Amino acid sequence: MGKQQPVIRFYSGEDIPLELHKARIVQKLNLVPIERRLEALYEGGFNTFRLNTRDIFLDMLTDSGTNAMSDMQLAAMMHADDAYAGSQSFYRFQKAVEDVLKKKYVLPAHQGRAAENILAKAYIRKKGDLIPMNYHFTTALAHITQYGGRIVELLYDEAFRIDSSHPFKGNLHVEKLEQVIRETGVENIPFIRMEASTNLIGGQPFSIQNMREVRKVADAYGLRIVLDASLLGENAYLILQREPEFAGSTMGEVIEIMTGLADIVYFSARKLSSSRGGAICTNNHDIYLELEALVPLFEGFLTYGGISVREIEAMAVGLYETLDETMIRQSPDFIRYLVNSLMAKGVPMVTPPGVLGAHVNAMQLCEHIPQTQYPAGSLGAAFFLISGVRGMERGSISNQRDEEGNETYADMELLRLAVPRRVFTLSQIKYVEDRLVWLNENRRLIGGLKFIYEPPVLRFFMGGLAPVSDWPEKLMAKFRKDFGDSL
Ligand SMILES: *Cc1c(COP(=O)(O)O)cnc(C)c1O
């Protein structure tokens, strides 16, 4: 039996996520007036990626590289060992990988996508090779296709239901996996990819039960499993919460089972353990040798992998901290609190609450805006206007056009409000809730957007849009009427 999980109850019975840390270094925030926020939107082409943080109050764009660092991480960075080769910082990191992820061999990379580049380069041998996976992540897909590979996404139907109570929407569809392997032939499948806390469907976990079944199929056909562990800690935490078999287990026990079921584990340390870096880990010496030569080619020498040794120290300490449930749970607990409060007040959200952020269902909130006018992008711009909070569009603007240049509309139109770990306070989360409830009540004032500058690749980063009418001015006028002289 594992350790009892920490429970802190309030006398009032309210489900309040209590912070188990204190702030000792803080950064000042500004909330500029709504008139300035409107100007900023026009300057930034109504695209939240193009805003300047000078104009932003709460930055909920992403969890990547934005989690709070701990005092122990900052302290470790001070005693880093600057050496091109054989740095002690690397050996401390290697020890952390062995202790926490239970993998003997580790190859550092400058971030998650660099690990994806190395894996795709090493294992996609011919055009048309197929990688089955639960769901893609943007950079994983880009690297696989860059080397001529293809992907197939194998989720259960439940994953695409926005308001669901299914605890493990990230599960890989085992029956379909077996069918795909038989139809495609093992010789055309370099590996099976499983992503912990499936990012693009709302940060939704898979269960250990599911991973065990995928392992069985992989073994039956002699295939390898590659685990994208960027959001491993959060997936493990939700397993403790939602999978009865592990109700009394520790983070370490669950993480060990998850990584033990994979042949290769890679991660973005921008999410997993620190604010920079990435790595590929394995216990298989042959795999290690297959990948080893690619690190000096693309990243840097094997003991620094393209990042500073200071960042390597922070990654090592961060890995140990991943075992601390009180640290990992802070972000998912805040997300659950925010999603549940918003749902109770009628704001349509992706459920069950997942990790990395709260996801607003813009297709429903902005049902009066046709998909041709980008409801999620419009909601993101409108929400910034009335709150100073920056989210990220995860809808059709984030999609690419097809080969003929036609728009491809996304399955879901979501506004993601990322909740980086230990960064925001509960009153800030209450502010987000308050402004979003007001916007939902005034949703008819939100109008659509159109592209005025559309880059050919990854258009969502630098694309410029404009409102289809003077709706932003009307929304601002209503804000002034209801909030008086409030920022
Ligand atoms: C962020 C992320 C990546 C890519 O990592 P970078 O460090 O941004 O290159 C890969 N997979 C998942 C699941 C991620 O969330």
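Just so you know, ligand 1 is whichever comes first in the structure, and atom 1 is the first atom listed for that ligand. This structure is a prediction, so every number in the text was calculated from the model and none was measured.
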(request) Give a yes/no verdict on a cation-pi contact between R394 and F460, requiring under 6.0 Å between NZ or CZ and the six-membered ring centre and an angle within 45° of the axis. (result) yes
(request) For ligand 1, would you mind listing the residues that have at least one heavy atom less than 4.0 Å away, ordered by chain and number? (result) Q111, G112, R113, E116, F137, T139, E195, N199, D228, S230, S268, R270, K271
Examine the side chains of [X] and [Y] and answer whether a donor and an acceptor come within less than 3.5 Å of each other.
{"X": "E153", "Y": "H136", "answer": "yes"}
{"X": "E407", "Y": "Y374", "answer": "yes"}
{"X": "E413", "Y": "S396", "answer": "yes"}

(message) Measuring from atom OG of S398 to atom CZ of R459, what distance do you get when rounded to the nearest 0.5 angstrom?
(response) 8.5 Å
(request) Just jot down the salt bridge (charged side-chain N to carboxylate O under 4.0 Å, His left out) partners of D333, sequence neighbours excluded, or say none. (result) R329, R336
